[in-house]
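Down below is the structure, laid out as structure tokens.
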Amino acid sequence: MLKIKELSYPINSLEPYYSRETLDLHYNILYKGYIDNTNKTQEKLENSRRENNFTNIKCLEKDLSFYGSGVILHELFFENLTPPIPTSPDNELLEEIIKDFGSYETFKSQFTSASIEVEASGWCLLVYVPNFKKLEILQCEKHQDLTLWGCIPLLVIDMWEHSYYLQYKTKRPKYINAMWNIINWNIVNKRFREAKNYK
Ligand code: MN
């Protein structure tokens with residue numbers, strides 16, 4: 001069961017930039033809603049596993065992604081805020097920002113523009129992409145687009161047609177059942193160990 005994470009500052013301490021009323025609504029009502037719905041979804045998934053009944057799986061996986069990503073992004077968001085005292089990127093981050101964006105000002109312009117132009121409901125994020133060894137700015141629509149932010153993939157299966165059509169035609173179940181025989185669990189184990197030690 002997920003629990004609400006405490007704020008590290010008083011609820012009125014972001015004023016005047018972020019009002020007590022706004023934060024109260026955002027934190028106590030909306031964020032709590034994501035926690036509750038993620039817990040409900042986890043419970044439904046637990047029941048599905050217990051009953052070995054996955055007829056509703058597509059809906060549940062979507063809910064997990066939406067609500068779960070909602071929890072994670074809100075926790076990052078609240079943690080990202082502080083009462084108005086001056087803070088700044090440290091030397092290490094600033095060096096990376098300058099390397100990847102040219103200057104702090106350019107980074108700020110790109111981030112600001114990207115935030116303004118997020119389509120409909122979504123987020124703007126500064127992220128580190130270990131694969132690229134680089135900072136990037138992302139616009140996220142809704143909370144997820146079917147991922148959980150910050151997750152570390154352990155096992156991936158390509159479900160694009162190009163990965164199975166020649167051999168299995170439209171029979172996705174046959175393909176996935178076959179793949180279970182050829183998974184390198186040593187690699188999955190290794191990734192899991194690393195993921196657990198991450199941070
Ligand atoms: Mn929100």
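Atoms within a ligand are numbered from 1 in the order they appear, just like the ligands themselves.
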For residues 41-61, pull every pair meeting ring pair (Phe, Tyr, Trp, His ring centres under 6.0 Å), keeping only residues two or more places apart or in separate chains.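 Qualifying pairs: none.
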Atom OH of Y175 and atom CZ of R172: how far apart are they, to the nearest 0.5 Å?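 The OH atom of Y175 sits 9.0 Å away from the CZ atom of R172.
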Count up the protein N, O or S atoms sitting under 2.8 Å from the Mn ion (ligand 1), would you?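 Atoms of protein N, O or S type lying less than 2.8 Å from the Mn ion (ligand 1) total 2.
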Any side-chain heavy-atom pair from I72 and Y34 closer than 4.5 angstrom?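 No, side chains not in contact.
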Could you tell me which residues satisfy side chain to side chain donor-acceptor pair (under 3.5 Å) with D36, sequence neighbours excluded, listed by chain and number?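 Scan of D36 (side chain to side chain donor-acceptor pair (under 3.5 Å), adjacent residues dropped) gives K32.
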Ring centers of H26, F78 separated by less than 6.0 Å: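 Between H26 and F78, the centre distance is under 6.0 Å.
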For K169, salt bridge (Lys or Arg N to Asp or Glu O under 4.0 Å) partners two or more places apart: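 Applying salt bridge (Lys or Arg N to Asp or Glu O under 4.0 Å) to K169 gives none.
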